[in-house]
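Because the structure is predicted, anything quoted here is derived from the model rather than measured. Whatever order the structure lists ligands and atoms in, that order sets their numbers, starting from 1.
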Amino acid sequence: MNMRIIEAVDIRYTYPDGTEALRGINFHAERGEVVALLGPNGAGKSTLFLHFNGILQPTSGKIMIDGEELDYSKSGLIKARQKVGIVFQNPDDQLFAPRVDEDVAFGPLNMGLSEDEVEERVRDALQKVGMLGYESKPPHHFSGGEKKRVAIAGIIAMKPDIMVLDEPTSGLDPRGASQILRLLHNLNEEGMTIIISTHDVDLAPLYSDRIYIISDGEIISTGAPSEVFSDIDTIRGANLRLPRIAHLVEILQKEDDLPFEEPYPLTIGEARRKLRNQLR
Ligand SMILES: Nc1ncnc2c1ncn2[C@@H]1O[C@H](COP(=O)(O)OP(=O)(O)OP(=O)(O)O)[C@@H](O)[C@H]1O
C-alpha cells in the first residue's frame, strides 16, 4: 500500500493570460492525514487544488494518486474523481439542483450505482452532515454553512478516499465553522484523508497533522504545526500572522448548541493545551 495517497510532483501552472500561479510545487498527503495548505489570498491554493482531480492539467510536473500517475483521458479522469472529491470555496459553484437530495444524488448516479444504493448513500451523507430532513428543500435558500454542508454531502456520497476542501470555513460564523470542522474531524476518524486550504492561521494548527505554507506559487515551509509556527520570519514573510488563542476559543465555545450527537472532538481546555504544546 502506498503511504502517499496523493502527491504533487514539481507542479508548475501558468494560466492562459501568462500568470505563473504555481512555480514548482511538491506536496503530498499520507493516508489518513489531515493536511492544511495555509497561505494568503492569491498564493495559489485554489489553483493547486484544481490539479488534484485533474480539473487543471499542469503546465509541467505530475499528480500521483495512490502511486499511479493521474492520466487525463476520460476514463482516467473518472477514476481520479472517484478517489478525490473536491469541495469548492463557493458552494454556489457546486450546488445546482432544485432539491437537496437531487444534488447529493448527482455524483453517485453518475457513477452508475443502483437507485437503492444511491438512496442509501444520500441518506447516509445527509445524516453525516446533520442535514437529514432537508431532502426536498432548495439548497439555494440555505445559509452559507448549510450550503457548505450539502456540498460536502454530495462529495461524501461518492465515498472518495481523499476529500479536498478549498477554504471550508471562510465566510462562516464561528458556529458554522465549528460544525464544518467537527464534520471533517469525524470523516477523518472514519479513515478519510483530508486536505484543507485556508488563510486562517488559528484553525490550521488545531486540526491538521501537517501544514504546508504556500506563498506566491511556492511552498516555503512544511512540517508539524509546531515546527512551521516556530519559524516566525517565514510566517511573516508569507504575510501571515501567528495563531491567536482568542479566536479559537470563540469558535470552540459554540459547541453547546450544535445539532450533533457526538461530543465535540476537543474541549476548549484540550484545544488550548494542544495549541500550547504545538507552539512550545
Ligand atoms: N482564471 C485565472 N486566470 C488568470 N489568473 C488566475 C486565474 N485564477 C487565478 N489566477 C491567479 O493565479 C494566482 C493564484 O490564484 P489562486 O486563486 O490559486 O490563489 P488562492 O491562494 O486560492 O487565493 P484565494 O484564497 O484568494 O482564492 C493569483 O495570482 C491569481 O490572480
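- Taking distance alone, with nitrogen or oxygen atoms compared against 3.5 Å, D166 stays at or beyond that limit from ligand 1.
- From the protein, the heavy atom lying nearest to atom 23 (O) of ligand 1 is G42 N, 2.7 Å.
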* M131/F142 under side chain to side chain contact (heavy atoms under 4.5 Å, CB included): CA gap, chis, key distance, verdict -> CA-CA 11 Å; M131 295 292 283; F142 286 171; 3.5 Å; yes
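- A distance-only check finds a donor-acceptor pair linking the side chain of D209 to the backbone of V34 [under 3.5 Å].
- In this structure, the protein non-hydrogen atom closest to atom 16 (P) of ligand 1 is T47 OG1, 3.6 Å.
- Taking the six-membered ring where the residue is Trp, F27 and F52 present tilted rings, their angle falling between 30° and 60°.
- Not counting sequence neighbours, the partners of R210 by the salt bridge (charged side-chain N to carboxylate O under 4.0 Å, His left out) test are E33.
- Pairs of residues two or more places apart, or lying in two chains, that qualify as salt bridge (charged side-chain N to carboxylate O under 4.0 Å, His left out) and include a residue from residues 107-119 are E117-R121.
- Distances from atom 30 (C) of ligand 1 to the protein include no heavy-atom value under 4.0 Å.
- Numbered from 1 in the order shown, with element, the atoms of ligand 1 that lie under 4.0 Å from a heavy atom of A43 read 19 (O), 20 (P), 21 (O).
- Contacts between P40 and ligand 1 below 4.0 angstrom, taking non-hydrogen atoms only, involve the backbone exclusively.
- When heavy-atom distances to ligand 1 are checked against a 4.0 Å cut-off, E167 comes that close only through its side chain, counted from C-beta outward.
- Not a single donor-acceptor pair under 3.5 Å links the side chain of D101 to the backbone N or O of S136.
- Looking at atom 5 (N) of ligand 1, its nearest protein heavy atom turns out to be Y15 CD1, 3.4 Å.
- Listed by number with element, the atoms of ligand 1 under 4.0 Å from a non-hydrogen atom of T19 are 5 (N), 11 (C), 12 (O), 29 (O).
- Against a heavy-atom cut-off of under 4.0 Å, K45 is close to the following atoms of ligand 1: 18 (O), 19 (O), 20 (P), 21 (O), 22 (O), 23 (O), 25 (O).
- Salt bridge present: D216 and R23 bring a charged side-chain N and a carboxylate O closer than 4.0 Å.
- Residue contacts with ligand 1: A21 is placed with no nitrogen or oxygen under 3.5 Å of a nitrogen or oxygen of the ligand (distance criterion only).
- Protein heavy atom at the shortest distance from atom 27 (O) of ligand 1 is S46 OG, 3.5 Å.
- Judged by distance alone, with hydrogens and angles left aside, the side-chain atoms of Q94 form a donor-acceptor pair with the main-chain N or O of F88 at under 3.5 Å.
- Protein heavy atom nearest atom 19 (O) of ligand 1, with residue, atom name and distance: G44 N, 3.1 Å.
- There is a side-chain donor-acceptor pair under 3.5 Å between D17 and T19.
- Looking at Y212, its side chain never comes within 3.5 Å of a backbone N or O of N26 through a donor-acceptor pair.
- Close contacts between ligand 1 and D17 involve ligand atoms 4 (C), 5 (N) [criterion: under 4.0 Å to a heavy atom].
- Close approach of ligand 1 to Q89 is summarised as follows: ligand atoms under 4.0 Å from at least one heavy atom of the residue are 27 (O).
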